Enquirer: 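Handing you this structure, nothing more for now.
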Amino acid sequence: MSVADYTSSRRVRLGGLAVVTLGALAAVAVLVFDVPLERIFTVGFINRTLVGASPIALAAIGGLYAEKSGVFNIGLEGFMIFGAITAAAAMYGMGGTSPSQPHIWLAIAIAVAFTLALTILYAVLLIRYKADQIVAGLAIWFMGLGFAPFAASLLWDTVRSPGLASINNYSVPYLAEIPYLGSIVFNQSPLVVFTLVVVIVSWIFLYRTQYGYWIQAAGDNPKALDTAGVDVNRVRYATVIFSGAMAGLGGAVLLAHAGDFIGTGDTMVDGRGWIAIVAYLFGNYNPIGAALAALLFAGLDMLQIQFQTADITLFGRDISARLMGLAPYVGVIIVLTVWGKTRMPSSVGEPYEKEE
Amino acid sequence: MSVKNEPAKVRLEGITKTFGDVVANDNVDFTLEEGTIHALLGENGSGKTTLMSVLYGLYDQDEGSIYVDGDHRTFTSPQDAMNAGVGMIHQHFQLIEPMTVLQNVILGHEPTVNGLVDEDAARDDIEEICSRYGFNVDQHLETPVEELDLGTRQRVEIVKSLYRGAEILILDEPTAVLTPQEVDGLMTLMEDLRKAGRSLIFISHKLDEVLQIADQITVLRDGAAVGTVDAADTHEQELARMMVGREVLFDRLSRETSVGDPVFAAEEISVLGDRGLEQVSEVDVTVRESEILGIAGVQGNGQTELAEALTGLRPVESGKISFRDADITETGRRRRIELGIGYIPGDRQIEGLVQNYDLVKNALLGNQTIEPYAKNGWLDWGAVSEHADEIIEEFDVQPPNASVRATSLSGGNQQKFIVGREIGHEPTVMVAAHPTRGVDIGSIEFIHNRLIELRDDGLGVVVISSKLDEIQKLADRIAVMYEGEFIRTVDPDEVTEEELGLLMAGKRLEDESVDADAEPVETDSEAQS
Amino acid sequence: MLDATVYERIGIAVGSTALALLISLVIVAAVGHDPLQFARDLIVGSFGSRRAFSRTLQFTTLFILAGVAVAVAFRAGVFNIGVQGQLIIGGISATLAIIWVAPFLPNGVGGGIALALLGLIAAMVTGGLYAAFPGVLKAYYGANEIITTIMLNFIAIGIVGWAVDGPLRPDDARSVRTDYLPDNVALPQLLFENPNFSIVGLAFALVVAIVISIVMTRTSLGYDMVTSGHQEPAATFSGVASKRMIVTTMTLSGMIAGLVGAIFAIMVQGYFIDPSGIGNYGFDAIAVSLLAANNPLGVVPAALLFGALDSSSSYVQINSGVPVQLIDGIVGLVVLFVAAPELFRMIAKRTGLGGDDR
Amino acid sequence: LGNGDDDEAENGDDPGNGDDDDNGNGNGNGEADDVQVAIISSDAGFGDNAFNDNALAGLEEAADDFGVEVTQVEETETAQFAARQEDLAADGSYDLIVMVGFQHWEGLSENAEQYPDQYWMLINDHVEGADNVSGWIEMNNEMSFLAGVAAGTLTQEEIEHGDSSTDPDESVVGFAGGDEIDLIEAFEQSYIEGVEWVDDSIDVLTGYGGSFSDSEAVNEVASSQFDDGADIVWHAAAAAGAGAFSAAQENDRFALGVDTDQSVGDEQYADVILGSAIKALNEATYMVTEAVVEDQWEDVSGEQNLSVENEGIDFVVGQEFVGELPDSLDENLEAAKQAFIDDEIELSCGPTGC
Ligand SMILES: Nc1ncnc2c1ncn2[C@@H]1O[C@H](COP(=O)(O)OP(=O)(O)OP(=O)(O)O)[C@@H](O)[C@H]1O
Ligand SMILES: Nc1ncnc2c1ncn2[C@@H]1O[C@H](COP(=O)(O)OP(=O)(O)OP(=O)(O)O)[C@@H](O)[C@H]1O
Ligand SMILES: [Mg+2]
Ligand SMILES: [Mg+2]
């Protein structure tokens, strides 16, 4: 029995298990909770899921590009925080407490530019100076938790921005009136559509362009790529910088929906960067998979909120929202245990050096 | 082959390449004529891969120059070499396992239409190549490489080179990892390539293959070219002599006649290699006290796996291993060390030493639970560093300083230290894999004497080596390993080095060869996959 | 970075810290505060007075233990980022064990000592188990321990936080907390009178550091671990069962992490609180350990540095008016530079020997 | 506000200060330029847009009026509260130390004894028998009740403003909490009781975002409730509460503010903030500071509270809605307040928990 057989058989077993559990959960939902489904699965639920998933999906795509090319960017959460504060600061700088919609788009662009610049330094540390990828990533998180609120207090002498503006939904006349579909497709946040485009483009880029091939090669067998005449580290610089910029974008998009920056506690980013990492692991390093995983996590979160709104109780007792909030983290561990071994690019975390 | 008057396809002049104190290539001249297959022969470490790495731009030579089609070239990267039409198929494949065959083939040279990779165009080109040379990888173009067997992977490597317009193909030990059928497939393939006017360099340890396919044969020894002969006017005996032909520096020491009782035995064990393929098939090994069992064979024929199975580093798929009548098939590595089964590992770089430890710490490696270095979990560094000094002293390790880190030692000294340490365990059985690989002549003699002393002290010793003279000199019994089996067990006094060489190359002696040269089976890769 | 020599390491540690602090001074000046005052307050706030010093030592105590916990794992090549979660689990277990058993023991000094010991043991057991879990997932299922341990941090904070504000919160509690530990469970106040610090606690931490460094350097187990961290195939060659070693390592690391929680409950707090109100010792400890090149003894000075930083932060914000957030950011900077030893080798080469870099 | 770095630094270095602490208060009469007040945040930290900022606001006002000097100490680790208190007390240069949040109680109950000459102000609780502590209990439950009354009243009315409007036929309101802790659950329960006091047929949808800083999460909770028919949502999510306001804007509904008149504090949401249930915490900190300046400590010492009765708790109509809201609101609010004064209302939750 070869290792391959073993893992695959294990995956089959666990896959079956997963299916069964889901079915069981559904049954429980309807029977025990006697869920009023029409109150749970509303159009708003779907829209909120889409909006909630966008920042996670964006950051996740950045993260998977970096990891596919062999660099583990554990700093996503930190870069998201930097992206959020930069966007807020830019918005405030341009439009004060009442920025216009163009200001918002501009602010997002500025946030991306800033995090991109920041990530260049980070990439140099990781690739040229072979920094410890875990510790450096955590450091970015610490710095985000520190410097972002600090910057806020410089601007607004409190760690929170005043209410700025959040992005408006576009609305297609008439079409938006169509029940369900209308308000999902034709009355939607442009950033959701934008994210969708990014997801598709990054999928095409990864699987249909030569650069995409190189990225996969750099992470799986850098020597092969090198002997094929492509500079491995240049590829890795590109992906790491991209990952930071994407996380920044994710943070900016989060802010553009929220409409204000909050730097207390874990800041408004509040763990989305970590979920992003898990999303792309779950999504098997495939941009579309990662986006779907982001949808899943956001969906679970919104479902949890819908349960609260519809006051679903378990045997008459309220389900603690605080405990329900932990579901994604538990999910992550299960996911990693099932998928853990199989798909990690083989040379993640190893700095690449030519011989001689 | 009719020698053309136009310049040779490739000419290497006076190539010298050193790694630290190791002279890997010593002023080597080499000429490859257009449309021919030129074989490189030589023992492990004789410099074949290095020479080719120089030609492929992986290493840049310390001295010497490279000419392709008569023009002087300097290759600073494989890219340069490829542009000059040189392609190399590495012994260890350079493929991206999760990516499809097609993607691997075109990696770095992807045809694109408005930004996107044009896989259809690529597919056409590849199919064209395949049909021209009668490859059959085109059925696999969409298959991820990880699902292919080694033979097919190798063909993918070759297609890769051809796709990049390689005129000159270097194949480093392409057959080392192939099954007999796959080897035959490869042979026909090389024929076709030659017919199509490609020029090939073919590295192998297996004489029959070389004679079967090559036009010229160049033999390397200790980094220097000993000579080039036409395959037509040579024979295996001559080649074996050229390869091994250094004078044996000292005669075989007279051997204790009385061979003791069996201490260590393996019955019909089968072992899987790292790739999950069976590397050892139902082999019986019996080690007796006061005897050296030599296991001869070219690397990649399963010796390493066998050694690891005997020493507890690798599980056996089937069969039984016993030590002094006790069944130790399931016994772990540590316990076997404690039982006194010593092991001189084949790969000193990775296994034998912790490169960043000084020699004192390295002296403890494997001794963690052995008195006096450790008593119920506590280490006695005093004893350990004494031990280290003893080893250094007794095995004259240079520099004689236990506080230097292992990395800073030359390969030979590293090896002497390891041997010293493993002998220090006072084992009952010693398994030594390539005990003198990459070690200088003086140290070789020294290590050999120690192994013989062990034998004389009544130990059972197993020596695994691909060096004929080494086996000849040490062994009381020689088992020749080929394709994961013992094809023959011989008495060293009744076999010549040439005969041994032939055996290692899969040739039966008197009796006609059986499987190794079975007539080409047209089924291959996909039939097996 | 394991191969760096001791001097190199010390140089790197000092260099990275100095550079980070330098940059922070620049930032402080840039945002219009007085950098000299800031620098002075950093010192005064951590060593300037008896109470400041004892406060520094209080943090140092926790950082030593947490740092050693990280060092053990990193030394063996296992990246336990979950010390924070493990210390929370350890802390709550110690608290509960003591509270539950207290009624059955005499409430004299003897009973106190017995209870304290009980707490430490409970913390080690639960902390060890909470770390062994991701260890098993890594060894036998290949689940990346970095992610799993981070997730387990969130989970520990969430569940314990919920419990302390719910089932475990006594009705008469004016704030979110568990029951008080009995009065006889406390470390004696010697030298310093600071209710949150006892020199005995510090001594205990030092003893743990010493014991661990002895284990790492003087026992077969330690040798096996460190060798696995350096060169796994060599360890296997020498008879180490690598999978089991991963689990063992995580367990040991988690046991020490558990002790952090126990000491926090017994020495600092006297009861247990919502873990979101407990400092990020587990995360900062990664920097502490790295700064010390994962050497259990080296952790002590590194812990002192981070202890001082934490300790002075309140004094700094009071006197320099520099917001705490900046100080947190600075800690992040220190960590970042610690992560890139190569950078400092290069700088050294450039400045010193002007040697080539590639 | 990094004001007066220098002379604070002096104090910082001068240990002798600890002793002349009391006469520091003694000669505090009238000229108060040397009066110093320190405030330690709750674990939410300053910028929470709730009681931390509210308490600080009062001090800053006092700073202007009496020239006292205010030092902010942000401490987000509850584990450090006791130490922070002691740091400041031991420093000896602060005439008054204000602590935000009942999480300070444990530490203070000891430090109040340790430093008998130090004046302390605790927000959210008091310390029995410590007359150097001015302990302020804000009747959050009463405040939440008023919010409930307002929401319950207005959801039945027809209100139009800008794009937003209520649905008078459907009577559903919402509550969006931050982290689901005891304190906030007390807000929730009292709010519900307020709504039901108006009309117990009204549905109250409740939910928690799980964080006081994640405004997006609170936005989702509120949106979900608006979806489900709520036309007014009240939040108890501190800074994250902004999410409830933006949700109201996005869904063309309304929201209610908490603690302060948020239609002023977050004026870009003023068009959906019908009103805010407030507590005069800023007045309390101002008052206590004044007492210290005037050397009238006994006026504020011991248990104090902010209640409907002493007008410490109230409900104010949003800036853009003054005079626009139906009279029923005023009537119900007045009735509710009177009922509190006459002790006719039994709340099942206390000010900081149930
Ligand atoms: N970096 C190195 N330092 C020292 N010796 C080396 C190094 N790399 C390879 N060798 C030695 O050179 C010899 C052949 O080197 P090479 O890299 O060709 O190995 P190989 O061709 O893979 O050998 P094998 O046939 O065992 O696979 C071996 O003895 C190997 O141990
Ligand atoms: N990368 C390297 N660094 C240091 N020494 C090396 C390296 N590669 C090879 N060597 C040394 O150079 C010598 C020649 O190595 P080479 O790989 O050319 O031998 P080879 O003929 O390919 O052996 P094999 O038959 O095992 O493939 C060996 O003795 C080895 O020790
Ligand atoms: Mg070889
Ligand atoms: Mg070779």
Side-chain angles (χ1 to χ4, degrees), chain A residues 1-9 64 67-70 200-235 283-286 289 339 341-348 350 352-356, chain B residues 17 19 50 53-54 56-61 76-83 87-90 92-100 102-119 122 144-147 156-157 160-161 163-164 272-278 315 317:
Chain A
M1 172 182 80
S2 84
V3 179
D5 305 336
Y6 171 67
T7 45
S8 58
S9 67
L64 79 85
E67 189 156 341
K68 264 245 178 235
S69 79
I200 294 166
V201 170
S202 54
W203 182 90
I204 294 174
F205 188 86
L206 192 56
Y207 292 113
R208 289 287 177 271
T209 72
Q210 59 189 143
Y211 309 107
Y213 289 10
W214 298 353
I215 289 169
Q216 299 177 57
D220 208 79
N221 185 347
K223 192 154 189 287
L225 185 64
D226 192 15
T227 49
V230 179
D231 182 336
V232 173
N233 281 339
R234 195 178 294 166
V235 173
N284 244 328
Y285 299 94
N286 175 326
W339 274 263
K341 183 169 291 166
T342 48
R343 260 296 160 235
M344 197 118 169
S346 32
S347 47
V348 170
E350 303 163 5
Y352 180 70
E353 275 179 299
K354 294 164 167 282
E355 30 214 295
E356 283 157 75
Chain B
K17 173 70 182 171
F19 297 103
T50 305
S53 305
V54 167
Y56 189 55
L58 277 171
Y59 300 155
D60 44 9
Q61 65 270 36
T76 56
S77 77
Q79 194 59 30
D80 301 348
M82 268 184 266
N83 298 339
M88 181 162 177
I89 286 83
H90 295 265
H92 311 294
F93 298 145
Q94 295 301 336
L95 296 172
I96 322 289
E97 303 232 324
M99 289 170 79
T100 67
L102 185 137
Q103 292 166 340
N104 269 281
V105 169
I106 63 179
L107 182 68
H109 300 68
E110 300 85 355
T112 58
V113 281
N114 43 48
L116 300 189
V117 174
D118 184 353
E119 291 206 348
V145 166
E146 61 201 342
E147 292 171 19
V156 173
E157 281 279 19
K160 202 162 119 189
S161 299
Y163 180 83
R164 290 158 199 200
L272 296 184
D274 295 336
R275 291 205 177 85
L277 302 177
E278 188 169 85
E317 287 303 298

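In what follows, every chain begins at residue 1, and chains take the letters A, B, ... in the order their sequences are listed. None of these values were measured; they are calculated from a predicted model.
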Enquirer: Looking only at atom types and distance, does a side-chain atom of A:Asn221 sit under 3.5 Å from a main-chain N or O of B:Leu95, one as donor and one as acceptor?
Expert: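 Flag set: sc A:Asn221 to bb B:Leu95 pair under 3.5 Å.
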Enquirer: Out of curiosity, B:Met82 CE to A:Thr227 OG1, how far, rounded to the nearest 0.5 Å?
Expert: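 These two atoms lie 6.0 Å from each other.
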Enquirer: Please name the pair of heavy atoms, one in B:Ile96 and one in A:Ala224, separated by the smallest distance, quoted to 0.1 Å.
Expert: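 Minimum heavy-atom separation between B:Ile96 and A:Ala224: CD1-CB, 3.7 Å.
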Enquirer: How many angstroms lie between atom CG of A:Asp226 and atom CG of B:Leu58, to the nearest 0.5 angstrom?
Expert: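 If we round to the nearest 0.5 Å, A:Asp226:CG and B:Leu58:CG are 8.0 Å apart.
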Enquirer: Pick one of side chain, backbone, both or neither for B:Ile106, based on which atoms fall under 4.5 Å of a heavy atom in chain A.
Expert: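 The side chain, not the backbone.
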Enquirer: Kindly compute the distance separating OH (A:Tyr207) from CG (B:Leu116), expressed to the nearest 0.5 Å.
Expert: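 Nearest 0.5 Å value for the OH-CG distance: 15.5 Å.
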Enquirer: Do the non-hydrogen side-chain atoms of A:Gln210 and B:Thr112 ever get within less than 4.5 Å of each other?
Expert: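 SC-SC contact between A:Gln210 and B:Thr112 confirmed.
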Enquirer: Out of B:Met99, B:His109, B:Glu119, return the one with the most heavy atom pairs under 4.5 angstrom to chain A.
Expert: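 Most heavy-atom pairs under 4.5 Å with chain A: B:Met99.
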Enquirer: With A:Glu67, which residues qualify under salt bridge (charged side-chain N to carboxylate O under 4.0 Å, His left out), at least two apart?
Expert: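 With sequence neighbours excluded, A:Glu67 shows a salt bridge (charged side-chain N to carboxylate O under 4.0 Å, His left out) to no residue whatsoever.
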Enquirer: Quick one: what part of A:Ile204 sits under 4.5 Å from any heavy atom of chain B, side chain, backbone, both or neither?
Expert: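 The side chain, not the backbone.
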Enquirer: Salt bridge (charged side-chain N to carboxylate O under 4.0 Å, His left out) with A:Lys68: which residues, sequence neighbours excluded?
Expert: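 Salt bridge (charged side-chain N to carboxylate O under 4.0 Å, His left out) list for A:Lys68, sorted by chain: empty.
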